[in-house]
Amino acid sequence: MAASAASREVFREGVRAVLHTWPVLQIAVDNGFGGVYGQQKADWLVDVVQQYFHDNADLDQYEVEDYISGLMDQEFDTVVDDGSLPQVSLTLMQMFALWQQGALQQLQTNISKLTQNTQRAKVTAAPSNSDQDSDGGDAEGMECETSSPSVSRTQAPPPPPPQDEDDGWTVVRRKK
């Protein structure tokens, strides 16, 4: 198992690349879900996730998902319900496996691919119609999309308004 400080830093950069390109974390930081220290929390998240892998050598995907989900809930008041958590966890596990095997060149290649395809997620308010405004509801629909310079998007109909759950959380579902 690779254990040098330099190789450990390569894995840390892999965790950073995965988490900082994850739209859920981008949206949480950009919109202040973590408070005024949201960016510092995102950087801290990188540190604790990479440490979690080093402290627990034989993790299952569901364990990584649960750990990250708990951190997002506690630190950013965000319930990850868009289906992206399994992919993020799997990618982190694959990077850790490469690091354990000492395949640092392949790990660097994967990091480069992730950071090259950087797309910043943004949240915009859905356009308001006079019909929607006249119903007396004050709930605003939100649209989530990732921006990409080479892809053009057509305007979709406004999403349904967020649903209030019994526990007080507002659930915003990802468009399919």
Side-chain angles (χ1 to χ4, degrees), residues 1-124 142-153 172 174-176:
M1 178 187 293
S4 74
S7 71
R8 192 170 173 140
E9 184 61 27
V10 173
F11 176 64
R12 185 178 183 280
E13 288 306 311
V15 173
R16 176 181 305 287
V18 172
L19 294 180
H20 283 246
T21 58
W22 184 27
V24 172
L25 184 58
Q26 290 175 355
I27 290 168
V29 170
D30 291 348
N31 291 286
F33 296 175
V36 294
Y37 299 109
Q39 186 59 54
Q40 289 87 342
K41 286 183 178 183
D43 293 336
W44 170 82
L45 188 68
V46 170
D47 292 334
V48 297
V49 167
Q50 71 96 21
Q51 188 62 47
Y52 182 69
F53 275 94
H54 290 298
D55 291 346
N56 303 287
D58 191 25
L59 291 169
D60 288 325
Q61 184 175 347
Y62 76 90
E63 293 172 313
V64 177
E65 288 177 32
D66 288 348
Y67 184 68
I68 295 172
S69 176
L71 291 171
M72 289 298 293
D73 186 23
Q74 293 168 5
E75 301 300 327
F76 293 96
D77 294 324
T78 301
V79 176
V80 181
D81 192 19
D82 69 342
S84 65
L85 198 51
Q87 183 60 45
V88 167
S89 300
L90 182 63
T91 303
L92 288 169
M93 291 180 67
Q94 290 168 344
M95 287 195 171
F96 187 65
L98 288 172
W99 180 82
Q100 283 181 313
Q101 297 164 7
L104 300 182
Q105 188 62 39
Q106 180 63 39
L107 184 55
Q108 285 283 17
T109 302
N110 290 358
I111 293 168
S112 295
K113 286 179 185 175
L114 272 174
T115 55
Q116 280 177 356
N117 298 329
T118 305
Q119 297 178 2
R120 196 74 186 162
K122 63 181 178 180
V123 178
T124 57
M142 299 292 284
E143 236 180 75
C144 298
E145 63 180 49
T146 55
S147 61
S148 174
S150 63
V151 177
S152 63
R153 300 212 181 245
V172 179
R174 181 177 173 180
K175 293 189 298 185
K176 294 189 179 197

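Within the 3.5 Å criterion, the main-chain N or O of V29 finds no donor-acceptor partner in the side chain of Q39. With hydrogens and angles ignored, the 3.5 Å screen pairs a side-chain donor or acceptor of D82 with a backbone N or O of S84.
Atom CG of residue L92 and atom CD of residue Q50 lie 11.0 Å apart, to the nearest 0.5 angstrom. To the nearest 0.5 Å, the span separating OG1 on T21 from CD on Q116 amounts to 12.5 Å. Once rounded to the nearest 0.5 Å, the distance linking CZ of R12 with OG of S7 reads 14.0 Å. Atoms OG1 and CG, from T109 and L104 in turn, are 10.5 Å apart once rounded to the nearest 0.5 Å. Note that CD of Q101 and CG of L107 are 10.5 Å apart. Values are rounded to the nearest 0.5 Å. Atoms CD and CD, from Q94 and Q61 in turn, are 9.0 Å apart once rounded to the nearest 0.5 Å.
Considering all non-hydrogen atoms of both residues, I111 and E13 come closest at CD1-C, 4.0 Å. In terms of heavy atoms, H20 sits closest to A42 at NE2-O, 3.9 Å. Minimum heavy-atom separation, T78 to A28: OG1-CB, 4.1 Å. Minimum heavy-atom separation, G83 to P86: O-CD, 3.4 Å. When every heavy atom of V80 is checked against every heavy atom of W22, the shortest pair comes out as CG1-CZ2, 3.8 Å. Contact between V49 and L19 at its shortest, heavy atoms only, is CG2-CD1, 4.1 Å.
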Inset, instruction - Using the side-chain contact (heavy atoms from CB on, under 4.5 Å) rule, take M72 and V24 through it: C-alpha gap first, then chi angles, then the decisive distance, then the call. - result: CA-CA 9 Å; M72 289 298 293; V24 172; 3.8 Å; yes
Inset, instruction - Check the pair M93, D60 against side-chain contact (heavy atoms from CB on, under 4.5 Å), reporting the backbone distance first and the verdict last. - result: CA-CA 9 Å; M93 291 180 67; D60 288 325; 5.6 Å; no
Inset, instruction - Go through the steps to decide whether F33 and I27 satisfy the test side-chain contact (heavy atoms from CB on, under 4.5 Å), and finish with yes or no. - result: CA-CA 8 Å; F33 296 175; I27 290 168; 4.2 Å; yes
Legend entry - Steps toward side-chain contact (heavy atoms from CB on, under 4.5 Å) verdict (I68, V64): CA-CA 6 Å; I68 295 172; V64 177; 3.8 Å; yes
Inset, instruction - Quick one: do T91 and Q87 satisfy side-chain hydrogen bond (donor to acceptor under 3.5 Å, both in side chains)? Show the steps, please. - result: CA-CA 6 Å; T91 303; Q87 183 60 45; 3.1 Å; yes
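Proximity of L45 to E75: side-chain heavy atoms (C-beta onward) are nowhere separated by under 4.5 Å. Looking at E65 and V88, their side chains never come closer than 4.5 Å, going by heavy atoms from C-beta outward.
A donor-acceptor pair shorter than 3.5 Å cannot be found between the side chains of D30 and Q26.
The one candidate from W99, F96, Y67 that meets the side-chain contact (heavy atoms from CB on, under 4.5 Å) condition with F53 is F96.
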